[in-house]
Number of protein chains: 2
Amino acid sequence: MIQNISEHDRENLQESLAKSGQKVTPQREVVFSVLLAKRDHPTVDEVFHRARETMPGLSLATVYNCLQTFVGCGLIRQVNHERESTRYCPNLAPHAHFRDAATGRVHDIELPPEVIQSLRSILPPGFDPEAIEVSFHGRALAGDAHPTL
Amino acid sequence: MIQNISEHDRENLQESLAKSGQKVTPQREVVFSVLLAKRDHPTVDEVFHRARETMPGLSLATVYNCLQTFVGCGLIRQVNHERESTRYCPNLAPHAHFRDAATGRVHDIELPPEVIQSLRSILPPGFDPEAIEVSFHGRALAGDAHPTL
DNA sequence: GAGATGTTTTGAATCATTCTAAATGGAGAA
DNA sequence: TTCTCCATTTAGAATGATTCAAAACATCTC
Ligand SMILES: [Mn+2]
Ligand SMILES: [Mn+2]
Ligand SMILES: [Zn+2]
Ligand SMILES: [Zn+2]
């Protein structure tokens, strides 16, 4: 599944990196394209194996470096559940995560502004949130009626 | 700060353990009392050091064992933020956590039923949550106006 | 080309957590 | 009482994700 990045995505990558004085490299491009190709919240190891199909010499440390860089640029988000390996998500819209107990798969769940507002409203005065994380854990009925959005 | 457990709390411990065929031991009692004494979401290492003030021979492995046992019994909850060390919380009421970026402290935030309902409502049909986790990260204005509830 | 700078690579180090196997201790049977 | 059984505790080794350190590479400028 060798996948190329679209012109639009490459520009997005280029500009986001440029904002913090960093450059597009072949490794970064491959890692980014892996994230865009299958938005299933892969772990570092999964990204590593997928990226190696395109670039066999790529090292694990570089995958860690790239992902960290992208998170720093705001290109992707980290997703943690309990103490499992960190997963990565290129969906920048506000959303929650649902981890299916049966399959281990992580689904994106849209988080509407009014729900975010209701969450903010429970904070006593003086609490100023920079980030809000919502995650569900349970069973999701088979039928892949809900592709990772 | 050697702390004794109340009769009420000891019964709670005894009955919860009994439900899964387990017994109160001196170690379990000390670890449980540490959690009740200061409800500040301590890490395993913090529990370990506090418990050792009362029981100097206590081992780290036992602290891990006790905490795992208590989580299994539903006596306490695990609290994770990103990939930091797991923290433990004896507050069984539905609540969210706010991690203060400045101090690292974790505060309990009450989660009213209507907010929980609004969170459930964003799930598409077929998603059946067993657990919902909400966590905030940001600044909390000094004044300890909000003791861990 | 030489120097500067940022990036990648390898392998070692870190650190929370789990595992293993040996010791301990209490409850009940003999 | 002494013996047996069984859960629990203990010390230390193992695990596994992540980070770190230092050398190799690339690219750019002078
Ligand atoms: Mn692998
Ligand atoms: Mn320590
Ligand atoms: Zn996502
Ligand atoms: Zn709590």
Side-chain angles (χ1 to χ4, degrees), chain A residues 13-14 16-34 41-52 54-73 75-88 99 104 106, chain B residues 13-14 16-34 41-52 54-73 75-88 99 104 106:
Chain A
L13 177 62
Q14 200 279 316
S16 296
L17 285 169
K19 271 178 209 151
S20 33
Q22 293 171 296
K23 294 182 247 179
V24 178
T25 65
Q27 288 85 349
R28 284 174 180 164
E29 196 170 313
V30 170
V31 170
F32 193 52
S33 80
V34 162
H41 304 89
T43 61
V44 173
D45 201 59
E46 286 165 345
V47 172
F48 177 56
H49 289 300
R50 293 178 197 174
R52 265 187 175 253
T54 301
M55 184 181 275
L58 181 69
S59 77
L60 180 59
T62 297
V63 175
Y64 273 101
N65 290 341
C66 290
L67 292 171
Q68 202 165 289
T69 297
F70 297 161
V71 170
C73 290
L75 278 166
I76 62 175
R77 280 174 56 179
Q78 281 186 321
V79 179
N80 288 288
H81 279 109
E82 319 264 302
R83 302 212 92 250
E84 289 172 13
S85 304
T86 300
R87 295 175 176 277
Y88 292 85
R99 188 185 28 151
V106 175
Chain B
L13 177 62
Q14 200 279 315
S16 296
L17 285 170
K19 270 179 211 152
S20 34
Q22 293 171 296
K23 294 182 246 178
V24 178
T25 64
Q27 288 87 348
R28 285 175 178 164
E29 195 170 315
V30 169
V31 170
F32 193 52
S33 81
V34 162
H41 305 90
T43 61
V44 173
D45 201 58
E46 285 165 346
V47 173
F48 177 56
H49 289 299
R50 292 178 198 175
R52 266 189 173 251
T54 302
M55 183 180 277
L58 182 69
S59 77
L60 180 58
T62 297
V63 175
Y64 272 100
N65 290 340
C66 290
L67 292 171
Q68 204 165 289
T69 297
F70 297 161
V71 170
C73 290
L75 277 166
I76 63 176
R77 280 175 55 181
Q78 281 187 320
V79 179
N80 289 288
H81 278 109
E82 319 263 304
R83 305 211 90 251
E84 291 172 12
S85 305
T86 300
R87 295 175 175 278
Y88 293 86
R99 188 185 28 149
V106 175

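Just so we're on the same page: letters track the sequence lines, and every chain starts at 1. On a predicted model such as this, the values are computed, not experimentally measured, just so you know. Heavy-atom basis, side chains included; hydrogens, waters and symmetry copies ignored.
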Nucleotide-resolved protein contact map, nucleotides 20-30 of chain D, B/S/- at heavy-atom distance under 4.0 Å: -----------
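Side-chain contact between A:F70 and A:V31 is present, with heavy atoms from C-beta onward closer than 4.5 Å. Looking at heavy atoms from C-beta onward, A:Y88 lies in side-chain contact with A:Q78 at the 4.5 angstrom threshold. For the pair A:T54 and A:V34, the minimum side-chain heavy-atom distance is 4.5 Å or more. With contacts defined as side-chain heavy-atom distances shorter than 4.5 Å, the pair B:L67/B:V44 qualifies.
Side-chain atoms of B:E46 come within 3.5 Å of backbone N or O of B:T43 as a donor-acceptor pair.
Regarding A:F48, its CZ atom lies at a distance of 12 Å from the C1' atom of C:dT10, rounded to whole Å. Atom P of nucleotide D:dT8 and atom CE of B:M55 are separated by 15 Å, given to the nearest angstrom. Per the geometry, CD belonging to B:E29 stands 17 Å off C1' belonging to C:dG25, to the nearest Å. Straight-line distance from the CG atom of A:L17 to the C1' atom of C:dG6: 12 Å, rounded to whole Å. Rounded to whole angstrom, the span from the OH atom of B:Y64 across to the C1' atom of D:dA11 amounts to 15 Å.
Nearest nucleotide to the A:S59 side chain, out of C:dT10, C:dA16, D:dT10: C:dT10. The side chain of B:N65 approaches D:dT10 more closely than any other nucleotide in the set D:dT10, D:dA17, C:dT8. The side chain of A:Q22 sits closest to C:dT7 out of D:dA17, C:dT9, C:dT7.
Nucleotides of DNA chain D nearest to A:L60 and B:T25 differ in position, and the one nearer the 5' end is that of B:T25. Each of A:Q68 and B:Q27 was matched to the nucleotide of DNA chain D holding its nearest heavy atom; the match closer to the 5' end belongs to B:Q27.
The rotation axes computed at either terminus of the helix from C:dG1-D:dC30 to C:dA30-D:dT1 lie 0° apart, taking five pairs at each end and rounding to 10 degrees.
At a threshold of 4.0 angstrom between heavy atoms, the contacts of B:G57 are confined to the sugar-phosphate backbone, with no base atom among them.
Across residues 78-88 of chain B, B:S85, B:T86 each have a non-hydrogen atom less than 4.0 Å from an atom of DNA chain C (numbered order).
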